[in-house]
Amino acid sequence: MRTLAALQTWPRFGAVAENLAAARALLGDAKPELLVLPELFSTGYVFRDRAEAISLAEPFPDGPTVRFAVETSASTGGVVVAGYAEREGDRVFNAACVAAGGAALASYRKVHLFGFERECFDAGDGPFPVVEHRGLRVGVMICFDWRFPEVARTLALAGADVIAHPSNLVLPHCQSAMVTRCLENGVYSVTANRVGSELRPPRPPVAFTGASVILAKDGTTLARGSIDRPELLLARADTDLARTKRIPSGNDLFAERRPDTYRL
Ligand code: ACM
């Protein structure tokens with residue numbers, strides 16, 4: 001059994017040090033094998049333009065959010081996946097860093113940008129990472145990637161036991177849809193969403209839906225957050241069960257796939 005965790009936060013836009021300290025305080029002494037934080041949790045979400053995104057972005061792995069993830073992974077001994085704004089040269093990405101055992105392992109750059117994000121960020125072009133640490137295989141996607149079922153499938157086919165899913169959800173559908181992503185792929189998932197709202201004119205106000213959720217491979221809810229409070233969600237899960245894709249009927253979800261019949 002392993003402990004999976006989602007940290008549901010309420011960042012203040014632009015207040016990186018404050019947002020990191022708040023996350024650290026919320027985690028307390030917990031030592032989950034997997035900790036997931038929301039998308040862009042250190043900066044806030046509603047950037048006015050690309051210049052503002054660049055001004056708050058950090059290089060991988062030498063910035064405050066990645067250092068936070070590395071230090072936190074050293075103290076928990078587990079994997080930490082955290083959303084942040086990543087800068088490389090004159091490009092800027094909505095990214096998630098992956099740290100484990102005190103080392104920065106990967107940075108995933110969001111492939112499917114949502115709405116106004118397309119004005120502020122460059123789209124990533126993969127690959128979707130799966131990292132292994134102490135026998136736990138963690139795949140990473142960010143928020144709106146859920147709307148493209150190919151992403152979760154790609155991660156599951158690459159061997160992920162759990163999908164770590166930093167999010168800033170503004171619509172109510174994803175938390176339910178993730179049940180299907182788990183069922184169809186036989187994986188666990190940790191969707192770490194944020195709460196609160198941001199008012200950054202001239203952009204319209206944005207309210208976030210909270211309700212972070214940790215799901216089992218059969219779609220069962222293991223933990224669910226509130227819609228309006230920062231909190232730490234913890235769930236115990238036998239993630240090794242994701243290694244078999246056999247379901248009670250005797251069918252095998254992966255062995256019985258028929259790529260020869262699909263047009264993708
Ligand atoms: C989203 O992708 N942040 C909705």
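Whatever order the structure lists them in is the order used to number ligands and atoms, beginning at 1.
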Quiz item: Going by an N to O cut-off under 4.0 Å, is there a salt bridge joining Arg153 and Glu150?
Solution: no
Exercise. Look at atom 2 (O) of ligand 1 and find which of His112, Glu39, Lys110 reaches it with the closest heavy atom.
Key: Lys110
Quiz item: Does the ring of Phe13 carry Arg200 above it, NZ/CZ under 6.0 angstrom from centre and within 45° of its axis?
Solution: yes
Quiz prompt | Identity and separation of the nearest protein heavy atom to atom 1 (C) of ligand 1 | solution = Cys143 SG, 3.0 Å
Quiz item: Does Asn168 have a non-hydrogen atom less than 4.0 Å from ligand 1?
Solution: yes
Quiz item: Taking the six-membered ring for Trp, is the centroid-to-centroid distance between Phe121 and Phe114 below 6.0 Å?
Solution: no
Exercise. Indicate, as side chain, backbone, both or neither, the part of Phe114 found under 4.0 angstrom from ligand 1 when only non-hydrogen atoms are considered.
Key: side chain
Quiz prompt | Under 4.0 Å to a heavy atom of Tyr45 - the qualifying atoms of ligand 1, by number | solution = 1 (C), 3 (N)
Practice problem: Pull out every atom of ligand 1 sitting under 4.0 Å from any heavy atom of Glu117, numbered as shown with elements. | Solution: 1 (C), 2 (O), 3 (N)
Practice problem: Would you please say whether a donor-acceptor pair under 3.5 Å links the side chains of Thr65 and Glu58? | Solution: yes
Quiz item: Quick one: does Ser226's side chain get under 4.5 Å of Glu231's, heavy atoms only?
Solution: yes
